[in-house]
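What follows is a short report on a single structure.
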Amino acid sequence: MNLQSQNDIKNHFDRLYQADVTPWKNHPPEPAFYRFMNILKTDIPGAKILDIGCGDGWISQKAAKLSFEVWGIDSSETAINQAKGNTRANAINGKMHFRTGDALSLPYQTAFFDALLDRGLFHHILPENRRLYFKNILRVLKKKSYLYLAVFSYRNPENIGQRFEKNDVVNEFYPFFKIKNYSEDPFEHFAPAHLLHFIMERKSI
């Protein structure tokens with residue numbers, strides 16, 4: 001485990017939020033996100049969703065506006081304060097719950113969530129800490145649950161996070177999840193990042 005280096009990454013993002021530098025928000029929610037939401041509406045109406053690495057809650061808000069209840073967690077206190085302010089401003093308090101916390105030590109009850117949104121966190125989890133990542137998300141997810149994952153692709157610029165090819169992600173998640181849908185941003189892409197998108201269902205084991 002390398003928690004000090006992981007801490008350095010957390011501190012880096014808190015500084016970005018303090019400086020209001022959030023280029024990832026220039027990448028709007030893509031069709032895969034809405035496909036995921038539609039799957040939940042069909043299979044688990046009223047699903048409880050965890051948005052892990054939620055930042056200022058911009059994706060959480062989109063899920064809440066689709067009538068889901070969302071819990072958002074991020075290591076940046078600055079981002080979480082912004083998320084709470086955005087929630088009040090958009091009058092969707094009852095559907096959104098934010099707190100500062102660590103994705104490698106999730107402060108939620110076992111089997112509480114029906115679905116997980118990870119849009120941009122996994123590619124910042126160091127390889128030596130991935131086992132702890134899986135231990136945490138599997139604990140808080142129900143046996144029947146879904147995951148939406150968006151990660152930096154091999155086409156992404158270097159030095160802003162780990163990069164993946166499709167099979168890299170499949171190999172990491174295969175022991176626990178089956179892939180229901182896969183897509184990739186078009187290339188060249190107008191947004192500052194190039195993402196791979198996965199919709200997964202937890203395996204019954």
Side-chain angles (χ1 to χ4, degrees), residues 1-17 21-39 50-56 58-60 62-63 73-76 79 102-104 115-138 141 145-203:
M1 232 179 292
N2 186 346
L3 297 182
Q4 181 53 55
S5 294
Q6 201 71 64
N7 242 2
D8 293 341
I9 295 171
K10 294 178 190 175
N11 293 336
H12 169 70
F13 278 95
D14 193 51
R15 289 192 295 271
L16 290 179
Y17 275 105
V21 178
T22 55
W24 48 87
K25 291 171 63 175
N26 296 330
H27 194 304
E30 47 289 307
F33 171 80
Y34 293 106
R35 280 196 293 271
F36 182 71
M37 294 290 107
N38 286 333
I39 288 172
L50 175 61
D51 184 3
I52 192 170
C54 68
D56 64 3
W58 69 294
I59 292 292
S60 296
K62 296 182 184 302
I73 189 167
D74 199 279
S75 62
S76 168
D102 189 343
L104 302 181
L116 180 79
L117 297 172
D118 179 339
R119 193 185 184 281
L121 176 69
F122 186 71
H123 50 228
H124 294 300
I125 300 292
L126 299 173
E128 57 266 39
N129 295 331
R130 289 177 191 166
R131 183 176 178 181
L132 192 54
Y133 169 92
F134 283 112
K135 179 181 177 181
N136 273 267
I137 67 168
L138 292 170
L141 283 171
S145 54
Y146 291 93
L147 164 66
Y148 168 62
L149 176 75
V151 295
F152 289 148
S153 86
Y154 59 97
R155 296 183 186 274
N156 210 57
E158 293 190 69
N159 301 320
I160 61 170
Q162 299 163 83
R163 303 188 299 171
F164 296 90
E165 296 196 37
K166 178 184 177 183
N167 285 342
D168 299 329
V169 175
V170 170
N171 290 338
E172 290 283 350
F173 284 80
Y174 178 78
F176 316 109
F177 296 90
K178 55 187 176 185
I179 309 298
K180 290 184 67 72
N181 185 272
Y182 165 75
S183 58
E184 180 179 332
D185 286 343
F187 190 78
E188 300 275 341
H189 194 50
F190 66 88
H194 189 269
L195 300 175
L196 307 180
H197 307 273
F198 297 83
I199 297 173
M200 306 185 200
E201 183 178 4
R202 185 171 183 177
K203 290 182 176 181

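Qualifying salt bridge (Lys or Arg N to Asp or Glu O under 4.0 Å) partners for Glu165, counting only residues two or more places apart in sequence or in other chains: none. Under the side chain to side chain contact (heavy atoms under 4.5 Å, CB included) criterion, Lys180 pairs with Ile39, Tyr146, Ile199, Glu201, sequence neighbours left out. Every residue meeting the side chain to side chain contact (heavy atoms under 4.5 Å, CB included) condition with Asn136, not counting sequence neighbours, appears here in chain and number order: Leu106, Leu132. By the side chain to side chain contact (heavy atoms under 4.5 Å, CB included) test, His197 pairs with Glu30, Ala32, Tyr148, Ala150, Ser183, Asp185, Leu195, sequence neighbours left out. Here Asn38 pairs with Lys41 under the side chain to side chain contact (heavy atoms under 4.5 Å, CB included) rule; sequence neighbours left out. With sequence neighbours excluded, the residues forming a side-chain hydrogen bond (donor to acceptor under 3.5 Å, both in side chains) with Tyr182 are Glu184, listed by chain and number.
Counting non-hydrogen atoms of neighbouring residues, nucleotides and ligands closer than 6.0 angstrom, the CZ atom of Arg130 exceeds 12 such neighbours.
Taken from CD in Gln162 to CZ in Phe122, the straight-line distance is 7.5 Å, to the nearest 0.5 Å. The distance from atom NE2 of His123 to atom CG of Asp168, rounded to the nearest 0.5 Å, is 14.0 Å. Atom CD1 of residue Ile59 and atom CG of residue Asp118 lie 11.5 Å apart, to the nearest 0.5 angstrom. Within the model, atoms NZ of Lys166 and CG of Asn171 stand 11.5 Å from one another, a figure rounded to the nearest 0.5 Å. Note: Asp51 CG to Lys62 NZ = 12.0 Å, rounded to the nearest 0.5 Å. Between the CD1 atom of Ile73 and the CG atom of Asp102 there is a distance of 7.5 Å, given to the nearest 0.5 Å.
Gly55 and Tyr17 make their closest contact through CA-OH, 3.0 Å (heavy atoms, listed as atom of the first residue, atom of the second, distance). Nearest heavy atoms, Leu117 versus Met37: CD2-CE, 4.1 Å. Residues Leu121 and Gly53 share a closest heavy-atom pair of CD2-N, 4.3 Å. Between Tyr154 and Arg163, the closest heavy-atom pair is O-NH1, 3.2 Å. Minimum interatomic distance between Ala79 and Asp74 (heavy atoms only, all atoms of both residues): CB-OD1, 4.3 Å. Between Phe177 and Lys203 the shortest heavy-atom distance is O-CE, 3.5 Å.
Checked against a 6.0 Å centroid threshold, the rings of Phe176 and Phe134 count as neighbours.
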Under the side chain to side chain donor-acceptor pair (under 3.5 Å) rule, what do Asn167 and Tyr174 come out as? Steps first, then yes or no, please.
CA-CA 10 Å; Asn167 285 342; Tyr174 178 78; over 6 Å; no

What do the steps show when you test Phe152 against Phe164 for ring-ring contact (aromatic ring centres under 6.0 Å, His included), and what is the final call?
CA-CA 6 Å; Phe152 289 148; Phe164 296 90; 8.8 Å; no

With side chain to side chain contact (heavy atoms under 4.5 Å, CB included) as the criterion, how do Asn129 and Tyr133 come out once you've worked through the C-alpha distance, each side chain's angles and the decisive distance to 0.1 Å?
CA-CA 6 Å; Asn129 295 331; Tyr133 169 92; over 6 Å; no

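With contacts defined as side-chain heavy-atom distances shorter than 4.5 Å, the pair Leu149/Met200 qualifies. At a threshold of 4.5 Å between non-hydrogen side-chain atoms, the residues Leu196 and Ser153 count as touching.
Distance alone, capped at 3.5 Å, places no donor-acceptor pair between the Arg35 side chain and the Asn181 backbone.
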